[in-house]
Amino acid sequence: MSRIGKKPVAIPSGVTANISEGMLSVKGPKGTLSLKLADDISYDVQADGISVPPATAPKRARAFWGMQRTLVQNLVTGVTEGFTKKLLITGVGYRANAQGRKLKLQLGYSHDVDIDVPEGLEVKTPDNTTVEISGADKQKVGQLAAEIRRWRKPEPYKGKGIKYDGEYIFRKEGKKK
């Protein structure tokens, strides 16, 4: 039995959810998000919450149960509060600058790296070594953060690179004489 799956997802005030044509759509103050429904799970939208019990008993239904409930929870959280990832840039001459729908990164290459910000996401640079990505869709926020980080992963000797806020970089000792 899934402990997570047993709990219904609470729907706060100002948020509406409905099921149509195999899609669950949730609408709130930060926009509308939708999720394709799994066949082995039944979805029940009520006034107080959304319950996600397995429709059948096979192992596949029980395996999807908790994950589907978490995906529904992410939809509700996204349209009410949204999600944010913070990246920290470390290194001499490394900096970031948000310009409209583009993010310009200077990461020690012979050229600047320009990254297009997808629709529905917002990128801020409070200072030139911090990048904040926010949006309603948790998957899109995490994907953009991973694509930015991919340009310069933190290295273990000097700690230079792009890391998530709160991430610990295991430092190694350099060469000895």
Side-chain angles (χ1 to χ4, degrees), residues 1-56 59-89 96 98 100-103 105 115-127 129-151 153-154 162-169:
M1 294 284 295
S2 172
R3 293 182 186 165
I4 294 173
K6 284 192 255 182
K7 299 176 188 173
V9 177
I11 299 176
S13 62
V15 175
T16 59
N18 59 8
I19 298 173
S20 64
E21 300 175 10
M23 299 287 283
L24 169 68
S25 61
V26 180
K27 185 175 182 180
K30 294 212 179 237
T32 304
L33 294 174
S34 60
L35 171 72
K36 186 176 184 297
L37 302 179
D39 297 333
D40 297 334
I41 308 294
S42 63
Y43 300 82
D44 186 24
V45 178
Q46 298 161 350
D48 59 337
I50 304 169
S51 59
V52 186
T56 56
K59 190 173 184 177
R60 178 177 153 83
R62 288 177 294 152
F64 270 60
W65 186 14
M67 180 189 68
Q68 288 295 316
R69 191 255 181 217
T70 303
L71 291 175
V72 171
Q73 177 66 54
N74 287 343
L75 293 181
V76 173
T77 305
V79 297
T80 54
E81 302 165 18
F83 295 98
T84 302
K85 287 259 187 193
K86 189 174 179 183
L87 299 170
L88 304 175
I89 301 173
R101 302 295 305 161
K102 286 203 180 282
L103 177 66
L105 298 172
I115 297 174
D116 294 324
V117 178
E119 198 62 39
L121 296 183
E122 184 180 329
V123 175
K124 296 180 195 167
T125 50
D127 57 54
T129 60
T130 306
V131 178
E132 291 179 356
I133 305 163
S134 58
D137 192 347
K138 186 174 186 177
Q139 194 274 332
K140 284 184 179 178
V141 170
Q143 183 66 36
L144 181 61
E147 288 173 5
I148 293 170
R149 185 179 187 270
R150 183 187 59 143
W151 282 97
K153 289 184 181 171
I162 302 172
K163 68 175 188 167
Y164 295 111
D165 187 26
E167 179 183 12
Y168 176 75
I169 305 303

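Worth knowing before you read on, the calculation uses all heavy atoms, side chains too, and leaves out hydrogens, waters and symmetry mates.
- Salt bridge Glu167/Arg149: present, at least one basic N to carboxylate O contact under 4.0 Å.
- Of all heavy-atom pairs between Leu33 and Ala136, the closest is CD1-O, 3.5 Å.
- Side-chain atoms of Asp127 and Thr130 form a donor-acceptor pair, as typed in the model, at a separation below 3.5 Å.
- A cation-pi arrangement is present between Lys85 and Tyr164, with the terminal nitrogen or guanidinium carbon under 6.0 Å from the aromatic centre and inside a 45° cone about the axis.
- Closest approach of Ala10 to Val76, counting heavy atoms only: O-CG1, 3.7 Å.
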For this session: Begin with the C-alpha distance, continue with both residues' side-chain angles, and end with the deciding distance and a verdict on side chain to side chain contact (heavy atoms under 4.5 Å, CB included) for Phe83 and Asp137.
Result: CA-CA 7 Å; Phe83 295 98; Asp137 192 347; over 6 Å; no
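- The local environment of NZ in Lys102 is crowded, with over 12 non-hydrogen atoms from other residues, nucleotides or ligands closer than 6.0 Å.
- Across every non-hydrogen atom of Ile4 and Gly66, the tightest pair is CG2-O, 4.1 Å.
- Here Ile162 contributes atom CD1 and Leu88 contributes atom CG; the two are 10.5 Å apart, rounded to the nearest 0.5 Å.
- For NZ of Lys30, the number of neighbouring non-hydrogen atoms (other residues, nucleotides, ligands) closer than 6.0 Å is 12 at most.
- Of all non-hydrogen atoms in Ala61 and Pro54, the two that sit nearest each other are CB-CB, 4.1 Å.
- Ion pairing of Arg101 with Asp116 is absent here, as no side-chain N (NZ or NE/NH1/NH2) approaches a carboxylate O to less than 4.0 Å.
- Between the CD1 atom in Ile133 and the CG atom in Leu144 there is a gap of 4.5 Å [rounded to 0.5 Å].
- Across Val52 and Gln68, no two heavy atoms sit closer than the pair CG1-CB, 4.1 Å.
- When all heavy atoms are compared, the tightest approach of Glu119 to Lys140 is O-NZ, 3.9 Å.
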